Amino acid sequence: MTRRFGSLAIIGLGLIGSSIARAVRAKLPDVRVVGHDADADVRDTARAIELCDVVADDAVAAVAEADLVILAVPVGRMEEAARAIAPGLDPDAIVSDVGSSKAGIAEALARALPGRTVIPAHPVAGTENSGPAAGFATLFEGRWCILTPASDAPATEVEALAAFWKALGARVETMDAAHHDMVLAVTSHLPHLIAYTIVGTASELEEVTESEVIKYSAGGFRDFTRIAASDPVMWRDVFLANKDAVLATLQRFNEDLTALQQAIRRGDGARLEDWFTRTRAIRRSIIEQGQDDAAPDFGRKH
């Protein structure tokens, strides 16, 4: 029988942490949820909105009775957070996380929690908003949660964590941590880097165009601004933690961008059309797999 968790501790009560708390209370009401955040103001907000059964002021106290602990802190703070909870962990507790880079986190958690059962995870879901009030119970429904257990991780514990995420509505995949980091560099990290760059360039052009960039924002630029509104601290840490995969992907992107630049300069319409046709097929595949909305203007209300 798959192990069921009776008490969950969430360390970090931002968008993902607060969404986990809401999803558990909605879908697994028998699970006791204890939350903790290093920021006292965040803890006060979490209490005010009754996010968890208990909001603990101390990390050790937060995990004392938990059989599952999820670290929902920025990637750069994972090891620090793991060391903070170590003295209070139950010997049989599973420790997991929600970071969007995995190889570095796996190494950091192994250093901080030797001999503990650690199963890194990444729910591939989010919005540009942050904070305990930004979360919602349906964030993970139909989204992927990728588990990256070490080769010697107990299969029964991996199965238990997978069942937990499935109960929150997620689809679960298991893969090697290094492979995860390369995949996410392509599908998430590089798009964010490009978005931050384009919006940053536009902000400098504002001085020239006298706000026309914002006034006449088309759908493409508007979507870039949504991506670029994501938590700066979180993304700073992601790029530093996953720098090898990001730099490798960025190099390939630069090569492809140079090829398109040459096609435009030479008037090579066939090259451009072939490229756009192939990339359009990827968009259709994303819609077919339920990862986005095919409605006009992406289902936006005006």
Side-chain angles (χ1 to χ4, degrees), residues 2 5 8 10-29 31 33 51 68 70-75 78 94 96-102 105 119-149 158-177 179-192 195 223 226-231 234-235 237-238 241-242 245 282-295 298-300:
T2 301
F5 301 111
L8 165 68
I10 304 171
I11 308 300
L13 300 175
L15 170 68
I16 301 299
S18 64
S19 292
I20 293 172
R22 287 182 170 89
V24 169
R25 300 187 83 180
K27 300 174 184 295
L28 297 170
V31 176
V33 180
L51 180 65
L68 173 61
I70 296 180
L71 303 177
V73 301
V75 170
M78 284 291 177
I94 295 174
S96 189
D97 76 298
V98 297
S100 67
S101 65
K102 295 268 64 88
I105 287 178
I119 306 174
H122 176 206
V124 187
T127 74
E128 71 273 22
N129 301 313
S130 58
F136 51 97
T138 59
L139 178 62
F140 310 109
E141 289 185 1
R143 301 302 178 188
W144 287 102
C145 183
I146 301 172
L147 309 186
T148 61
V158 175
E159 181 183 348
L161 185 61
F164 170 81
W165 278 107
K166 289 176 182 177
L168 302 192
R171 295 186 283 177
V172 176
E173 183 69 85
T174 300
M175 65 176 65
D176 173 75
H179 182 67
H180 164 280
D181 288 353
M182 182 57 72
V183 170
L184 268 294
V186 174
T187 63
S188 177
H189 305 167
L190 184 60
H192 275 82
D223 288 342
R226 180 191 64 77
I227 297 173
S230 300
D231 187 338
M234 180 187 77
W235 282 102
D237 290 352
V238 166
N242 199 28
I282 294 175
R283 170 63 187 171
R284 289 174 172 170
S285 296
I286 290 173
I287 293 172
E288 289 170 0
Q289 294 197 22
Q291 295 299 299
D292 206 346
D293 194 337
F298 310 107
R300 289 190 178 91

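Residue numbers count from 1 along this sequence. Below, all heavy atoms of this structure are taken into account, side chains as well, without hydrogens, waters or symmetry copies. Owing to the predicted nature of the structure, the values given are computational and were not obtained by experimental measurement.
- Ion pairing of E141 with R171 is absent here, as no side-chain N (NZ or NE/NH1/NH2) approaches a carboxylate O to less than 4.0 Å.
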message: Determine whether D231 and N129 satisfy the following criterion, side chain to side chain contact (heavy atoms under 4.5 Å, CB included), listing intermediate values before the conclusion.
response: CA-CA 7 Å; D231 187 338; N129 301 313; over 6 Å; no
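- Considering every non-hydrogen atom in both A121 and C145, the closest pair reads CB-SG, 4.2 Å.
- Once rounded to the nearest 0.5 Å, the distance linking OG1 of T138 with CG of L168 reads 11.5 Å.
- Distance alone, capped at 3.5 Å, places no donor-acceptor pair between the S101 side chain and the D181 backbone.
- What you find for A23 and F140 is that their closest heavy atoms are CB-CD1, 4.4 Å.
- In this structure, K102 pairs ionically with D97, as a charged nitrogen and a carboxylate oxygen lie closer than 4.0 Å.
- At a threshold of 4.5 Å between non-hydrogen side-chain atoms, the residues I16 and L139 count as touching.
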task: Please assess V24 against F164 for the test side chain to side chain contact (heavy atoms under 4.5 Å, CB included), listing each intermediate value before the final yes or no.
output: CA-CA 9 Å; V24 169; F164 170 81; 3.8 Å; yes
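- Between P191 and A185, the closest heavy-atom pair is CD-O, 4.1 Å.
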- prompt: Would H122 and W144 count as a ring-ring contact (aromatic ring centres under 6.0 Å, His included) if you check the C-alpha gap in whole Å, the side-chain angles of each, and the deciding distance to 0.1 Å?
  reply: CA-CA 8 Å; H122 176 206; W144 287 102; over 10 Å; no
- request: Carefully, step by step, assess R143 and V124 under the rule side chain to side chain contact (heavy atoms under 4.5 Å, CB included).
  value: CA-CA 6 Å; R143 301 302 178 188; V124 187; 5.8 Å; no
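- At distances below 3.5 Å, not a single donor-acceptor pair connects side-chain atoms of H180 with backbone N or O atoms of D176.
- Formation of a donor-acceptor pair under 3.5 Å by the R22 side chain with backbone atoms of L51 is not found in this model.
- The backbone N or O of V183 sits less than 3.5 Å from a side-chain atom of T187, completing a donor-acceptor pair.
- You'll find the side chain of V33 stays beyond 4.5 Å of the side chain of I20, heavy atoms only.
- Counting only distance, with no hydrogens or angles, the side chain of R25 and the backbone of V31 share no donor-acceptor pair below 3.5 Å.
- Interatomic distance, CG of L68 versus CG of L161, reported as 6.5 Å (0.5 Å rounding).
- Counting heavy atoms from C-beta outward, V172 and L147 have side chains that approach closer than 4.5 Å.
- Side-chain contact between V98 and L71 is absent, with no heavy-atom pair separated by less than 4.5 Å.
- Between N242 and V75, the closest side-chain pair of non-hydrogen atoms is not below 4.5 Å.
- S188 places a side-chain heavy atom less than 4.5 Å from the side chain of W235.
- Listed for the S19 side chain is a donor-acceptor partner under 3.5 Å among the backbone atoms of F136.
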query: M175 and I146: side chain to side chain contact (heavy atoms under 4.5 Å, CB included), yes or no, with the steps?
result: CA-CA 7 Å; M175 65 176 65; I146 301 172; 3.5 Å; yes
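- Between V73 and M78, the shortest heavy-atom contact is O-CE, 3.2 Å.
- When all heavy atoms of L15 and S130 are compared, the closest pair comes out as CB-CA, 4.3 Å.
- Taking CD1 from I10 and OG from S96, the interatomic distance works out to 11.5 Å, rounded to the nearest 0.5 Å.
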